[in-house]
Amino acid sequence: MPVGIDKINFFTPNMYISMNDLALARHEDPNKYLIGIGQKEQSVIPVTQDAVTMAANAAYPIALDDKDNIDLIIFGTESGVDNSKSAAIYLQNLLKLNSNARAFEIKQACYGATAGIQMAREYVTLHPDKKALVVGSDVARYGLNTPGEVTQGGGAVAMIISSHPKLLAFEGDSSFHSEDIMDFWRPLNKTEALVDGHYSNNIYVDFFQKTWQNYKLNNNATISDFKAFVFHLPYVKMGIKGLRSILQEADDKLQTNLKSEFDFSKIYNEQVGNLYTGSLYLSLLSLLNNSKKLNSGDRIGLFSYGSGAQGEFFAMTLQPNFSKYNNSDLLNSMLKNRKQISISQYEGIFNSWTNSINDNVQFDVSSDHARFVLSEIKNNQRIYLERG
Ligand code: HMG
C-alpha cells in the first residue's frame, strides 16, 4: 500500500528584501550573493508572524477537508515559541483540528520535518485510514552584518501524509547518519544562530555522500534510477555543491537532465531564503510545480540535513495524476504580492523581532494580511488571531 505526501502547501510573510540591495549595503559585489550564494530575494519576518502563525497559514488550506481524519500533528521547528508547550498544540487549536489526536513538536535543526514525515509514514502504514499533518516552520536569523545574513529567510511548509497519496509515495528504505558536530547551533539565550559556516558546508556534503552511498548499497540503486534530486537548501549554491558531488556517476544526458531539474527545484527557495526545516520540502514543491518533464512513476531523491548533525537520504515516487494538484498559481501570486522593503526598513524589523522575549506587548497587525497573526503577548501568553 503506497503511503506518502497527499497534499503540500507553503507560506511566507508578505515582505522581502533584494539580495542586490543587501550586497550593496554590506559593501559586497552583488554577484557574490546572486551567483556565489545563489539567492535573489529573502523573506523578512514581521513581529506579527512566528513559527506558529506561519505553520497555520501554510496548513489551513490543506487541512480543511481532512480535519476529522488527522489524528497525528507533528511540528518540526528550531524556532519554537515556548520551551515547554509545543507549537503543535497551538496549531491544532488554530486549525480547529480533532482533539482526539497526538500533537507534539520535534527539534533537530533543519531535520525536524523529515523526522516528522518519517514517523507519520510508519503511523499511516499501521493505520491506513488515518492521516497526519506535518509542518516545518522557522525563522532563519543569523544577525545583521554577519556572513550568514545572506542566508536568512523564513516560512513554513505543511504536508498531509496519507495512504494512497495524490502526490508522492515513499519508496524503499532511508539511509541516515548522525554525529556530534558543532557546525551550527543556537544557545538558549540567543535569538540568532551561531555558525561555523565553511565547516558546515563541508559537513553537509560529507553527510550527503555518506547517506547517498549507503542508500545505493541498501536499496540496490544507482543514480540512473532517479529523475531528480532535491536538497535541503540553506542557500541555493549549497544544493548545487551536493548535486555536483555525485554528478560524475551519471552519463552526459542524465547529468544535463539532473541539472535542469535542479533549476526547477530552486525557484521558490531563491526568492525566500532558508526556512530551516521546511527548506527541503519547499524545494520539492518548487520542483513539482515548475518542472515540465516529470512523469508519474518517476523517482525523486531527497536529502535532508539538520546541523548538529543529522542527515537522511530517501526516495519518493510520483503518483498517477500528481500534476492535477499543481498549486503554482497560488504560490506565484503569494510571492508576487509580497512588498519589497529597503535594507534600513528590514534592519528596523530585524531589531524589533524580540517577540520571543518581551511581555505585555501589542502588535499592529494592520499591514499583515495573513489569515493567522500574532496580535499580542500578555502575561507571557501568546495571543493569536484568525481573520476571515
Ligand atoms: P562567506 O565566507 O561570506 O562567503 O560565507 P564565501 O567567501 O565562502 O563565498 C561564497 C561563495 O561566493 C563562494 O563560492 C565564492 O567563490 C563565491 P564557492 O566557493 O562556495 O562555490 N563568490 C563569488 N561568486 C561570484 N562573484 C563574486 C563572488 N565572490 C565570492 N564576486 C557562508 C558563505 C555560506 C559560509 C555563510 O553565508 C554562512 O555561514 N551561512 C550560514 C551557514 C550555512 O548556510 N551553511 C550551510 C550548510 S549547514 C545547513 O545547511 C544547516 C542549516 O540550514 C541550519 C540547520 O540545520 O538548522 C544552516
Side-chain angles (χ1 to χ4, degrees), residues 19-20 22-40 42-43 51 76-80 105-116 136-157 176-187 190-209 211 230-245 247 266 269-270 272-283 302-313:
M19 291 303 92
N20 189 65
L22 185 67
L24 296 176
R26 302 296 178 247
H27 310 291
E28 294 279 7
D29 177 350
N31 282 340
K32 174 174 174 184
Y33 288 7
L34 298 169
I35 300 167
I37 295 287
Q39 293 299 133
K40 291 182 174 156
Q42 182 176 105
S43 283
T77 186
E78 55 180 295
S79 32
E105 182 176 314
I106 293 188
K107 178 181 67 186
Q108 177 28 63
C110 299
Y111 175 75
T114 300
S137 182
D138 275 305
V139 181
R141 282 169 68 86
Y142 290 91
L144 304 178
N145 283 295
T146 61
E149 185 180 26
V150 60
T151 64
Q152 296 178 146
V157 175
F176 351 96
H177 184 78
S178 47
E179 215 177 304
D180 187 355
I181 305 278
M182 286 308 281
D183 61 333
F184 167 107
W185 64 104
R186 184 164 67 86
K190 293 201 183 298
T191 60
E192 282 88 50
L194 303 175
V195 63
D196 188 342
H198 292 276
Y199 179 54
S200 73
N201 290 346
N202 295 338
I203 293 288
Y204 175 112
V205 176
D206 181 44
F207 271 49
F208 173 51
Q209 275 296 332
T211 53
V230 288
F231 291 84
H232 164 54
L233 290 182
Y235 57 97
V236 163
K237 183 70 160 297
M238 190 70 251
I240 298 175
K241 286 174 195 269
L243 182 63
R244 273 186 197 151
S245 77
L247 267 186
K266 72 180 172 69
N269 303 67
E270 67 193 357
V272 174
N274 197 355
L275 21 70
Y276 288 158
T277 185
S279 289
L280 166 63
Y281 301 97
L282 181 60
S283 181
L302 296 93
F303 175 60
S304 179
Y305 177 77
S307 283
Q310 174 71 56
E312 178 159 341
F313 184 89

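Only a predicted model underlies this, so the values are computations on that prediction, with no experimental measurement involved. Order of listing sets the numbers, starting from 1, for every ligand and every atom in it. One-based numbering along the sequence shown.
- Between Lys107 atom NZ and Thr277 atom OG1 the span is 12.5 Å, to the nearest 0.5 Å.
- Between Tyr204 and Phe303, the distance from one ring center to the other falls under 6.0 angstrom.
- Here Phe207 and Tyr111 keep their ring centres 6.0 angstrom or further from each other.
- Considering only residues two or more places apart in sequence or on other chains, Asp196 meets the salt bridge (charged side-chain N to carboxylate O under 4.0 Å, His left out) condition with none of them.
- Under the rule for a salt bridge (charged side-chain N to carboxylate O under 4.0 Å, His left out), Glu179 has no partner lying at least two apart in sequence or in another chain.
- In this structure Lys237 satisfies the salt bridge (charged side-chain N to carboxylate O under 4.0 Å, His left out) test with no other residue, sequence neighbours excluded.
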Once you restrict both partners to nitrogen or oxygen, which atoms of ligand 1 have a protein partner under 3.5 Å, and how far apart are they?
from, atom 1, to, atom 2, distance (Å)
ligand 1, 2 (O), His198, NE2, 2.8
ligand 1, 3 (O), Lys32, NZ, 2.9
ligand 1, 4 (O), Lys32, NZ, 3.4
ligand 1, 14 (O), Lys237, NZ, 3.3
ligand 1, 20 (O), Lys241, NZ, 2.4
ligand 1, 21 (O), Lys237, NZ, 2.8
ligand 1, 21 (O), Lys241, NZ, 3.4
ligand 1, 31 (N), Asp29, OD2, 2.9
ligand 1, 37 (O), Pro147, O, 2.7
ligand 1, 40 (N), Thr151, OG1, 3.3
ligand 1, 45 (N), Ser200, OG, 2.8
ligand 1, 50 (O), His232, NE2, 3.2
ligand 1, 53 (O), His232, NE2, 2.8
ligand 1, 53 (O), Asn274, ND2, 3.1
ligand 1, 56 (O), Cys110, N, 3.1
ligand 1, 56 (O), Ser307, N, 2.8
ligand 1, 57 (O), Glu78, OE1, 3.2
ligand 1, 57 (O), Glu78, OE2, 2.5
ligand 1, 57 (O), Cys110, N, 3.2

